[in-house]
Amino acid sequence: MAITFNEAQYPQITNEEINKALAFCNEQIIHILPEFTDKFQKAYSEDGFYQPIENNYWTCGFWTGEIWLAYEFSKDERLKKAGEVQIHSFMDRIVNKIEVDHHDMGFLYSPSCVAGYKLIGSEEGKEAAIKAADQLITRYHPVGEFIQAWGPMNAPENYRLIIDCLVNLPLLYWASEESGDNKYRDIAEKHIHTAVANVIREDYSTWHTFFFDMETGAPHHGATCQGYRDGSAWARGQAWGVYGLATAYRYTKRPEYIDLFKQVTEYFLNHLPKDLVPFWDLEFSDGDDQPRDSSSASIAACGMLEMIKYLEPEDAEHYGKIARQLMKSVYDNYAVKDMETSNGLVLHSTYSNHSPYNTCNHYGVDECNSWGDYFYMEALTRLSKDWEQYW
Ligand code: GLY
């Protein structure tokens with residue numbers, strides 16, 4: 001039985017609230033544009049405020065994506081100009097291979113360059129994004145049939161995929177469509193199949209990362225990196241799974257992904273605390289002294305809003321309503337409402353929380369982060385119109 005949230009306790013975000021929320025995002029983005037046109041946002045805020053950085057981190061595309069979403073909302077020419085400046089920077093980055101030897105080419109180039117191409121016909125954006133797709137497929141392992149996330153390609157300790165990568169793959173589908181060359185799509189499809197077959201556990205929680213045998217390509221073992229421990233469900237990993245399965249279905253139309261989407265989503269929803277915004281790992285809930293990851297709520301909402309395009313009407317209504325309920329809580333309880341508090345859009349997100357059992361460093365905990373802001377805007381935009389997506 002699918003989980004539902006009682007409407008009296010959990011109202012849906014209204015169209016008026018969506019419009020108000022997007023208006024604030026637009027205003028905030030325009031306000032900080034002078035500092036963040038030639039520079040990009042750091043991945044996470046410190047005490048609520050982002051510092052400017054060069055275009056050299058895996059998260060920089062989200063900021064450009066926010067600029068494009070704001071441009072869609074207001075059609076303000078200052079946003080368009082800033083977006084074009086940033087596309088130029090992304091071209092420079094891929095031509096000069098600045099910090100591009102990892103799998104996050106989709107996160108970098110879809111919301112920035114593909115978006116700029118789709119919205120304003122930027123040829124530079126198109127060219128840069130095709131180059132990024134070429135870069136991404138260099139990380140494909142034909143034996144294991146997956147795209148390696150991080151690190152040098154010839155090291156067994158790096159021979160793994162991560163669940164997040166599913167949302168990097170729309171770049172490859174787009175590249176095949178634009179170029180007429182199926183090589184990108186073929187690799188994406190192989191990776192999706194390998195990832196989906198291995199990262200989803202029997203109870204439909206998910207592994208963050210999954211290792212394979214370098215000689216044979218056989219599945220080896222799952223492990224966490226950013227979750228609390230091996231075997232727990234890192235909230236954002238589960239949310240990437242929700243969105244990743246929706247895009248996997250969008251592009252492959254494999255019917256078995258519909259059920260997997262429902263099950264992985266149910267696991268996520270069944271582990272939410274009272275206000276529907278997850279703690280950073282789904283192992284934690286109300287009463288635990290642990291930080292939230294508000295970005296996971298917005299990412300999962302985007303996944304549900306994507307998937308409802310392909311579901312039967314009753315299921316579509318179900319997930320559409322839940323997405324609105326989640327976004328109501330994000331808007332009411334987590335969104336920035338005044339510029340004195342923060343130069344970001346959504347508070348209480350967690351990037352990388354060290355635990356005694358994981359392998360990640362400690363930073364960006366209980367702060368805004370760039371993708372939390374971006375997917376908040378994407379979810380609101382999806383709710384406000386029939387959105388032509390960047391992914
Ligand atoms: N893709 C890395 C993260 O979600 O933190």
Side-chain angles (χ1 to χ4, degrees), residues 40-45 50 53 56-63 65-66 99-112 132 136 139 146-151 158 160-171 191 195 199 205-210 222-228 232-247 264 268 277-282 291-303 344 346 348-355 358-376 378-379 390-391:
F40 289 73
Q41 269 181 348
K42 191 168 172 174
Y44 52 91
S45 64
Y50 289 102
I53 60 165
N56 60 11
Y57 202 59
W58 71 270
T59 54
C60 292
F62 295 119
W63 167 242
E66 288 169 55
E99 298 294 330
V100 291
D101 215 1
H102 53 78
H103 73 147
D104 283 322
M105 294 303 103
F107 286 142
L108 284 170
Y109 284 82
S110 294
S112 58
L136 181 52
R139 299 193 64 82
F146 67 91
I147 291 170
Q148 183 183 308
W150 314 304
N158 287 314
R160 64 167 156 190
L161 59 79
I162 75 172
I163 192 167
D164 325 25
C165 189
L166 289 170
V167 188
N168 278 314
L169 302 179
L171 178 70
H191 178 98
V199 296
S205 66
T206 52
W207 290 108
H208 178 197
T209 88
F210 203 94
T224 199
C225 173
Q226 282 162 268
Y228 178 64
S232 70
W234 175 45
R236 196 159 59 257
Q238 195 77 16
W240 290 136
V242 172
Y243 201 162
L245 282 160
T247 54
V264 167
F268 180 84
V277 172
F279 285 78
W280 69 286
D281 191 292
L282 299 181
R292 306 270 176 164
D293 177 29
S294 56
S295 75
S296 296
S298 298
I299 294 166
C302 287
V346 188
H348 307 299
S349 218
T350 289
Y351 178 11
S352 184
N353 193 14
H354 182 64
S355 88
N358 72 17
T359 54
C360 70
N361 296 321
H362 194 84
Y363 39 67
V365 174
D366 199 20
E367 288 285 348
C368 303
N369 56 45
S370 210
W371 59 90
D373 290 356
Y374 169 81
F375 285 107
Y376 172 65
E378 181 182 311
Y390 304 160
W391 306 99

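Residue numbers run from 1 in the order of the sequence given. Ligands are counted one by one from 1 in listed order, and the atoms in each one are counted from 1 as well. All figures in this text were calculated on a predicted structure; none of them were measured in a lab. In what follows, every heavy atom counts, from backbone to side chain, and hydrogens, waters and symmetry copies are set aside.
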Contacts of type ring-ring contact (aromatic ring centres under 6.0 Å, His included), residue Phe268, not counting sequence neighbours: none

Below a 4.0 angstrom heavy-atom separation, can you tell me which part of Trp234, side chain or backbone, both or neither, approaches ligand 1? side chain

Check each atom of ligand 1 against the heavy atoms of Asp164 and keep those under 4.0 Å away; list them by number with element. 1 (N), 2 (C), 3 (C), 4 (O)

Ligand 1 atoms in contact with Arg236 (distance to a heavy atom under 4.0 Å): 3 (C), 4 (O), 5 (O)

Walk me through it: do Leu161 and Ile147 pass the test side chain to side chain contact (heavy atoms under 4.5 Å, CB included)? CA-CA 6 Å; Leu161 59 79; Ile147 291 170; over 6 Å; no

Is it the case that ligand 1 has an N or O less than 3.5 angstrom from some N or O of Trp371? no

Honestly, is Arg160 close enough over Phe210, meaning NZ or CZ under 6.0 Å from the six-membered ring centre and within 45° of the axis? no

Under a 4.0 angstrom heavy-atom cut-off, which atoms of ligand 1 come close to Tyr351? 5 (O)

Main-chain N/O of Asp293 paired with Thr350 side-chain donor or acceptor, under 3.5 Å: no

Strictly under 6.0 Å, is that where the ring centroids of Tyr57 and Trp371 end up? no

Near Gln226, which atoms of ligand 1 are under 4.0 Å from a heavy atom of that residue? 3 (C), 5 (O)

